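First the proteins, then the strands, lettered A, B, ... as listed; each starts at 1. None of these values were measured; they are calculated from a predicted model.
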Number of protein chains: 2
Amino acid sequence: MSLPFLLLGMLRLPATGYDLKKAFDGSLRHFWSAELSQIYPALQRLEEEGKLRSRRSPSDAGPARRVYRRTARGTRALHDWLREEPVPAAVRLPYLGQLCFLGEIEDGAATGAFLRKLREQFAERVAVLRRIEAEWFADEEQLSGEDFHAHLTVRFGVTRAEASIAACDEALARWKRRKERR
Amino acid sequence: MSLPFLLLGMLRLPATGYDLKKAFDGSLRHFWSAELSQIYPALQRLEEEGKLRSRRSPSDAGPARRVYRRTARGTRALHDWLREEPVPAAVRLPYLGQLCFLGEIEDGAATGAFLRKLREQFAERVAVLRRIEAEWFADEEQLSGEDFHAHLTVRFGVTRAEASIAACDEALARWKRRKERR
DNA sequence: TAACCCATGTAAAAGGTTACATGATTTC
DNA sequence: GAAATCATGTAACCTTTTACATGGGTTA
């Protein structure tokens, strides 16, 4: 449901499917991702609907690129979506499922090891986001309206990942206290 | 990939597909959900694989219920999954996609309205989770190992939702400052 | 009597991942 | 000479949602 709108949003400037994939793997990674095999058909469909138009353009290396640009109709569709209420996320966190049932194999170490590993994963995510922040959004005052908003989303990612680290620490502390009490 | 393991985990005590659906809609809602049309076939499949066994049992009201219980093989499969590393979540947050591109329609109000609405949604989630906490996990010392771990997941949910509220507030503050500067 | 809860399922469609196919250019 | 990057796509499969089908009992 959201992917076509994200593609429209990313196409403020003309780009190819391959370019968009790199954006998903880079600065958008913390809130969305998509495979090339999903991106290409989605772009074709948006073109059929008149929201994008494409042109072949020769490439320096490899096959000809297909460069997409947004049409007026595409811009209208995007802006309509942007004016809607925040679309709630379908939360699916398998690691919380694991944590939820880890009580069943509690051998005095399993939960602790799991939480420490989880903490590491979140710490790594914070590091990645901070690198993106430093690289693309360093000088606050100079940001365009578009970059300002992109930066806000990175700030969201950082805040949430740091909160997850805090949740790991709290869980570890509770778990240790509980272990000592028995 | 994770759903069958979650069902196995939820079936520490015997239950029907309908019961499991209610659990997804209740205390598990903050990290997973599933429709009945996905749950029933998944249970059938787990039974074919010998990880569950089911018995029909008459119901007070309505049709006969099919009660599933975990087999030794099912328990083994679950515990193997629990001993794996934390399974990373596939993050897909459409609302951050909206926020990311809202710079395009900045009319002096759009972003602010969006962030305030988003904040409300997170506040509602915190309220729901706090209600669950008060209802099921009130007396810390008395919790069984299973309930203790379930409580940890709720704490994760609260911490992350509160961080999201903080991120909204930070974004609103930045956005106002930026508006005044221009 | 209408709406809702109980209870189980199937079918179709949409969204997403993995695997396959092709082929040029650059880097190690 | 092998691996990685550039570049586009199709096919098969898996996961998830929405819609359909059935029917008894309870509540407003």
Side-chain angles (χ1 to χ4, degrees), chain A residues 1-8 10-11 14-26 28-29 31-49 52-68 81 87-94 97, chain B residues 1-8 11 14-26 28-29 31-49 52 54-68 81 87-94 97:
Chain A
M1 196 73 261
S2 302
L3 178 66
F5 294 110
L6 291 171
L7 293 173
L8 287 173
M10 295 159 84
L11 281 166
T16 67
Y18 198 83
D19 296 334
L20 296 168
K21 169 61 174 165
K22 279 186 292 186
F24 278 125
D25 289 345
L28 274 65
R29 179 121 210 87
F31 71 82
W32 204 276
S33 64
E35 300 301 319
L36 281 168
S37 57
Q38 197 184 5
I39 295 169
Y40 286 122
L43 291 172
Q44 286 168 14
R45 178 142 193 215
L46 285 166
E47 187 164 25
E48 283 167 33
E49 295 169 351
L52 295 179
R53 211 164 311 172
S54 76
R55 248 191 287 177
R56 281 202 160 269
S57 103
S59 165
D60 298 337
R65 301 147 46 80
R66 184 172 289 279
V67 178
Y68 286 88
W81 183 65
V87 180
V91 188
R92 286 218 164 77
L93 308 173
Chain B
M1 195 72 264
S2 302
L3 177 66
F5 294 109
L6 291 171
L7 294 173
L8 287 173
L11 280 166
T16 68
Y18 197 84
D19 295 334
L20 296 168
K21 169 62 173 164
K22 278 186 293 186
F24 278 126
D25 290 346
L28 274 64
R29 180 120 210 88
F31 70 82
W32 205 277
S33 64
E35 299 302 319
L36 281 169
S37 57
Q38 196 184 6
I39 294 169
Y40 287 122
L43 291 172
Q44 287 168 14
R45 181 147 189 210
L46 286 166
E47 186 164 24
E48 283 167 32
E49 295 170 350
L52 293 179
S54 77
R55 249 191 288 177
R56 281 202 161 271
S57 103
S59 166
D60 297 338
R65 302 146 47 82
R66 184 172 289 278
V67 179
Y68 284 89
W81 183 65
V87 180
V91 189
R92 286 219 165 76
L93 308 173

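- An OP1 or OP2 oxygen of dG9(D) is reached within less than 4.0 angstrom by no side-chain nitrogen or oxygen of Tyr40(A).
- Put simply, Arg56(A) has no side-chain N or O that comes within less than 4.0 Å of OP1 or OP2 on dT8(D).
- The side chain of Arg65(B) places an N or O atom within less than 4.0 Å of a non-bridging phosphate oxygen (OP1 or OP2) of dA7(C).
- For Arg92(A), a side-chain nitrogen or oxygen approaches OP1 or OP2 of dT17(D) to under 4.0 Å.
- Arg66(B) places its CZ atom 15 Å from the C1' atom of dT10(C), with the value rounded to the nearest Å.
- In this structure, the CD atom of Glu35(B) is 17 Å from the P atom of dG9(C), given to the nearest Å.
- The shortest heavy-atom contact between Ser57(A) and Val67(A) is OG-CG2, 4.0 Å.
- Distance alone, capped at 3.5 Å, places no donor-acceptor pair between the Arg92(B) side chain and the Ala89(A) backbone.
- We find that CG of Leu43(B) is positioned 15 Å from C1' of dT10(C), with the value rounded to whole Å.
- For Trp32(A), whose side chain is taken as the heavy atoms from C-beta onward, the closest listed nucleotide among dG16(C), dT8(C), dT16(D) is dG16(C).
- Rounded to whole Å, the distance from NZ on Lys22(B) to C1' on dT8(C) is 14 Å.
- Side-chain atoms of Lys21(B) come within 3.5 Å of backbone N or O of Ala34(B) as a donor-acceptor pair.
- Note on Gln38(A): a side-chain N or O is less than 4.0 Å away from OP1 or OP2 of dT17(C).
- If you take CZ of Arg45(B) and P of dT8(C), they are 21 Å apart, rounded to a whole angstrom.
- Residue-to-nucleotide contacts include a donor-acceptor pair under 3.5 Å from the side chain of Ser37(B) to the base of dT18(D).
- Atom OH in Tyr68(A) sits about 8 Å away from atom P in dT8(D), given to the nearest Å.
- Panel note: side chain Asp19(A), backbone Thr16(A); a donor-acceptor pair is recorded below 3.5 Å.
- Here Leu6(B) contributes atom CG and Phe31(B) contributes atom CZ; the two are 6.5 Å apart, rounded to the nearest 0.5 Å.
- Heavy-atom nearest nucleotides on DNA chain C were determined for Ala90(B) and for Pro41(B), and the one closer to the 5' end corresponds to Pro41(B).
- Rounded to whole Å, atom P of dT22(D) lies 19 Å from atom OH of Tyr18(B).
- Rounded to a whole Å, the CD1 atom of Ile39(A) is 14 Å from the P atom of dA7(D).
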